[in-house]
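The sequence lines fix the lettering, A, B, ..., with proteins before strands; numbering per chain opens at 1.
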Amino acid sequence: MTMTPAVKAILDNYESDNPGVKANLARILMQGRLGGTGKLIILPVDQGFEHGPARSFAVNPDAYDPHYHYRLALDAGMSAYAAPLGMIEAGADSFAGQLPTILKVNSANSWATARDQAVTAGVDDALRLGCAAIGFTVYPGSEHFFELAEEIRELSAQAKSVGIATVIWSYPRGGELSKDGELALDVGAYAAHMAALLGAHIIKVKLPSDHIEQKDAKKAYEGTDWAKQSDRVRHVVQSCFNGRRIVVFSGGAAKGADAVYQDARDIRDGGGNGSIIGRNTFQRPRAEALAMLDKLVRIYKNEE
Amino acid sequence: MTMTPAVKAILDNYESDNPGVKANLARILMQGRLGGTGKLIILPVDQGFEHGPARSFAVNPDAYDPHYHYRLALDAGMSAYAAPLGMIEAGADSFAGQLPTILKVNSANSWATARDQAVTAGVDDALRLGCAAIGFTVYPGSEHFFELAEEIRELSAQAKSVGIATVIWSYPRGGELSKDGELALDVGAYAAHMAALLGAHIIKVKLPSDHIEQKDAKKAYEGTDWAKQSDRVRHVVQSCFNGRRIVVFSGGAAKGADAVYQDARDIRDGGGNGSIIGRNTFQRPRAEALAMLDKLVRIYKNEE
Amino acid sequence: MTMTPAVKAILDNYESDNPGVKANLARILMQGRLGGTGKLIILPVDQGFEHGPARSFAVNPDAYDPHYHYRLALDAGMSAYAAPLGMIEAGADSFAGQLPTILKVNSANSWATARDQAVTAGVDDALRLGCAAIGFTVYPGSEHFFELAEEIRELSAQAKSVGIATVIWSYPRGGELSKDGELALDVGAYAAHMAALLGAHIIKVKLPSDHIEQKDAKKAYEGTDWAKQSDRVRHVVQSCFNGRRIVVFSGGAAKGADAVYQDARDIRDGGGNGSIIGRNTFQRPRAEALAMLDKLVRIYKNEE
Amino acid sequence: MTMTPAVKAILDNYESDNPGVKANLARILMQGRLGGTGKLIILPVDQGFEHGPARSFAVNPDAYDPHYHYRLALDAGMSAYAAPLGMIEAGADSFAGQLPTILKVNSANSWATARDQAVTAGVDDALRLGCAAIGFTVYPGSEHFFELAEEIRELSAQAKSVGIATVIWSYPRGGELSKDGELALDVGAYAAHMAALLGAHIIKVKLPSDHIEQKDAKKAYEGTDWAKQSDRVRHVVQSCFNGRRIVVFSGGAAKGADAVYQDARDIRDGGGNGSIIGRNTFQRPRAEALAMLDKLVRIYKNEE
Amino acid sequence: MTMTPAVKAILDNYESDNPGVKANLARILMQGRLGGTGKLIILPVDQGFEHGPARSFAVNPDAYDPHYHYRLALDAGMSAYAAPLGMIEAGADSFAGQLPTILKVNSANSWATARDQAVTAGVDDALRLGCAAIGFTVYPGSEHFFELAEEIRELSAQAKSVGIATVIWSYPRGGELSKDGELALDVGAYAAHMAALLGAHIIKVKLPSDHIEQKDAKKAYEGTDWAKQSDRVRHVVQSCFNGRRIVVFSGGAAKGADAVYQDARDIRDGGGNGSIIGRNTFQRPRAEALAMLDKLVRIYKNEE
């Protein structure tokens, strides 16, 4: 497929990366129904680790099968599919070359009490499974953040050297952050910026609220009206090297379809690159999920 | 031996594995009296580490000799024999090529207070001893789970690269789990799913009770009757990638023969792949053990 | 460019270093408007990690773009530009060969409670990004100082072996030091000396106050009048192997321009090698910043 | 020297070991006055680490010289000499090829409060010093046991790969064990069994008392009379793979000669392979020590 | 220079060492005015790390310059110069081949609260800087002793393999030792013995008092009069493999010249190999220091 100017413009921002990494970013940006637009939607399925199988899949039992998600991502024209080791392995051959995969290389679970994650896969796994990228979660604010930063620093350096891209999930959590603070605008922008500084190619954050958490940061946010979600998205994008890095936003817990669509419009209008949307799709019946994803695609294509 | 369609169908699910790993899984699935059926019974002897020699073997003193267990597994037509380093070394040459062995590479003991295990063997040992697989215990729920996950991630990646299969013993324990919770259905299914996500080829769990431990998971289990053990087995199998991974269930402490047989029938009827049964065999006189194993084989062959 | 005697004299002090390291030190010392004078001004932009993006850049939004800083350093005739991984990557190709870069390889952030930093980049990154040096912060006095010392010992040994120079930020902090003590003359001189002992090529410290913190050190400072800042600078320079190592001083928080100029004059008069100045430049409008840097250059050239 | 059937029978039990390891075990079993009998006496001198030089050697000052111990072991016709790095180095050339040495690769000391040891030598040292084996202490029951087990697992794997044998000192200590429990029969048998499971070629334990420590183990020991020391020795040997591993017993603190002789007779009568005896020899004058060792040799040869 | 019999006799005791290590020991033993006598004086300058620059050098400001110490050691005819990384680097070329250097590879500082040191240089540094030996401090008695022992075990093994000698500073400290106990005779002898067991070529300890600290050791010291310092030195030498290892004693804090001379006479008369003397020299004016060192040399040559 010939590269579009929109994708070329994005790739040009990754000026230190070798052709291997750029090719894998291009694979994601040229994939599916948003291919070539510079927008992307990623299907992530790591809830099995995070919440357990029944809480994740019992509502739609077909989703117990790893092939279900590969197929859903493919049929809906998604940009990539992200999952932990076992889930990727279970369909790696059946779907080889059909859609880019992101190997989630660290994971937590419902029983963990530390704000930390275990490294559960590596760059060698990503290579042997044909993945386009590794995915890694950091918890800015946590007392384990330094360890997490050092882990992704090593994994990302290794990945870059073999042409694999890095996606960082940056979720403020723990430490002295209040519960509201985890979603605060200043906190989310800071978390996104740290992911950029750590060398991420794609940054995944949550949609921030208009709360400002840090006393020291209040002055910097005063005098601007942060009521509109699209403005908050724009600030996060600005915090990612003024738009030089791809930023996608997560949809959070399953919620009403209209809210999902409004989020996407705000992401689009604020200059975000797209959505990473899991439970809101695979916890719905397949037909409903496909319809929702179709509408999201059209929103990002400015057709809705 | 020509591969049977039943075994071929199982192996096809391991679509990311190299021929070396598949050959070792095939060695286990084609071995002994259940060879070719897709069912398996594994003899594990790690009680020497866990409980000490006298508690394990005094009731049947022949069992102090490592050769006893190799011979028992062979004569009973078992699928594989699993044991720690020293036990495997002590018979590795005498029984070389006669039955697949699984090297248990981590171990705990009666005196340990942490919910953790020590790594006591490695993939290099498995190679030099001609083992078909490594075996590793994780304790989901324990404060040491992340470390255990990172250890098996490294060992398993190394094993896969040299054609050795991975068996994960997944035993929920510690943390905030109640004693009943360690055997709860939701907990057991979650533990089995985590083993699958960690990249296990064979998953070993305990037969779950009908208790539901996690408040957040209750909703997912409501409205279904979990009184039948075979239904609980089926849910665990479903949680292992909807049957794409081999799942075997352990028999627990020595108990009456009838209970052992009923467990096997429930495993079979629920779609489980088989049993891993230690104390219930080697703590009985050899003749009794052989009779019991004969009956278990016949149950799995649908002859009882 | 032909090397000047002033630079040659400095380089001769690095008598254990290979030609690669010396060439990179020379790149810095021969760069920009102070090139050849033996003086230097470095632009550091690591406030995104330390304080977050809005506190750092909202006052001058152009500074959200990493290219802004490369361009500012270049246009102002600075000696080098120092920043964390992502910031360097984002302009590494556009500005390749135009000015020396210092890769800041460890970082803290506003939410960290430990007096420690995470290693966020490595020597391999410095090589692939064409950096002249790595930068590393140690916290003398902190309970994490030994770990930090061991980290820079490994990174610096690796850097020296591939011809990359080492810059150490030495900031006394934590432990039993009082708040005033962190800026005390005896403490600052000790911190600078430790950086020299650790093998730094360039040492960055804060301008010390005339407070003496350590009871055991009071005797050594008695009988000298430490009221003049230039005398205190001279003592720090003396503590860095009697001037055999390059020492630069940081300007601290944004403050009035006159104070910045006075600091530079004191550094110059005390025999310091120059300034490392961040917030005082990029938090001003570009024109103001250029004017300020122009004046600083002229101070170091003895033109003001 | 032609191998005797007794030694050949022992070596045949090490069926997973390469010829290098077997040759080193043979060197020990064919050495000195017990050479060829299948029995052995080892002289260990690690009291300098454990108790300090004066407590160890002041009573017999010649013993401050490392050569004294090499010479004593040689002149008394011992099977091997075991000591820490410095002690072995100090005579490695003078006595090269004259008697097998065992390099003690971990050590504790009187001032340590943790039930742990430091690794103080490695397999590379054993190779360059021409040692036949490495020696390593584990403390079953200690909260550091898992670390110790992981250390010997790595050292032993490395040693086996280069043809060096492994001797494990297995001393129950710490945790919830009572003081009496450290010498209990069940505890000693369990500790010996764990050493065997960890892959030891030679297992060193203390002579156990008739105390049974573990509540869960009492049943397994009931109904047998454990009053005779030789029966307790036999149970320990049984716990080491039913006699498939060499087991030697330590003499403990210096005591009366008659007690030493009785211990040896009990070891012999219970099927143990021999003694490891330090303070009872080198803390006596050389002539007395030689006489005692002569008598011990004769006991093991069934001449007394 | 032709080797003298005295030096040859010492080198013969290092019977496990390769010619590279022996050559470096010979370089030290053949250097300067004591060259060939078997005695040695080492100039150590690590007070910059331990006490800071002003407390170390303000009394004699020329000593801020690293060349000062190289020059002092050379002009006074010392046997070797020991210092941390930066200090050695700063004169490595100017003084290359003129006197043996000992790279101090770990260091503490006044602000550290743990009885531990940071590794601040490595064997590779020693090689590239042309050093004859590495120097390392252990703190017997400290809760960090095991870590320190494991660090020097690795560094020393690496050093021996490339022909570099090992000097261990053995300073009892921390744990349950009383303040008096740190200098006790039994404690010092034990500390020296542990350094020997760890494989040191040269052992550096403090001159011990006649206090006996350990209750368990009292018996071994009873009945001997320890009032004479030379007798205490002799016991320490005896504890270092009966004189098979080089032992040097430190002079401690700056003190009166007569006390320094008496110490040297006692070291000589007790069979010690020499002094390691820092503050007592570089904190005096150069002329005084040279005079003092001249007198010390003559003492060791039995001329005073």
Could you tell me which portion of [X] (side chain, backbone, both or neither) has an atom closer than 4.5 angstrom to a non-hydrogen atom of chain C?
X	value
A83(E)	neither
V119(E)	both
L129(E)	side chain
A118(E)	both
A121(E)	backbone

**Among the listed options P61(E), A92(E), A112(E), P66(E), the residue most often paired with chain C at heavy-atom distances under 4.5 Å** =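 The residue among P61(E), A92(E), A112(E), P66(E) with the greatest pair count is P66(E).
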
**Pairs of heavy atoms under 4.5 Å with chain C: top-ranked of A58(E), G122(E), P84(E), G130(E)** = G122(E)

Output the donor-acceptor atom pairs between chain C and chain E under 3.5 Å, with atom names and distances to 0.1 Å.
residue, atom, partner, partner atom, Å
E15(C), OE1, H67(E), NE2, 3.3
E15(C), OE1, S94(E), OG, 2.9
E15(C), OE2, A92(E), N, 3.2
E15(C), OE2, D93(E), N, 2.9
E15(C), OE2, S94(E), N, 2.7
E15(C), OE2, S94(E), OG, 3.1
E150(C), OE2, V119(E), N, 2.8
K160(C), NZ, E89(E), OE1, 3.3
K160(C), NZ, E89(E), OE2, 2.7
Y190(C), OH, F49(E), O, 2.5
Y190(C), OH, E50(E), O, 3.2
Y190(C), OH, S110(E), N, 3.0
Y190(C), OH, S110(E), OG, 3.2
L197(C), O, G86(E), N, 2.8
Q214(C), OE1, W111(E), NE1, 3.1
R244(C), NE, D65(E), OD1, 2.8
R244(C), NH1, H67(E), NE2, 3.4
R244(C), NH2, D65(E), OD1, 3.4
R244(C), NH2, D65(E), OD2, 3.2
R244(C), NH2, H67(E), ND1, 3.2

Please classify the contact between [X] and chain E as side chain, backbone, both or neither, with a heavy-atom cut-off of under 4.5 Å.
X	value
A196(C)	backbone
L148(C)	neither
F241(C)	both

**Complete:** Counting heavy-atom pairs under 4.5 Å with chain E, the top scorer among P172(C), A149(C), G141(C) is G141(C)

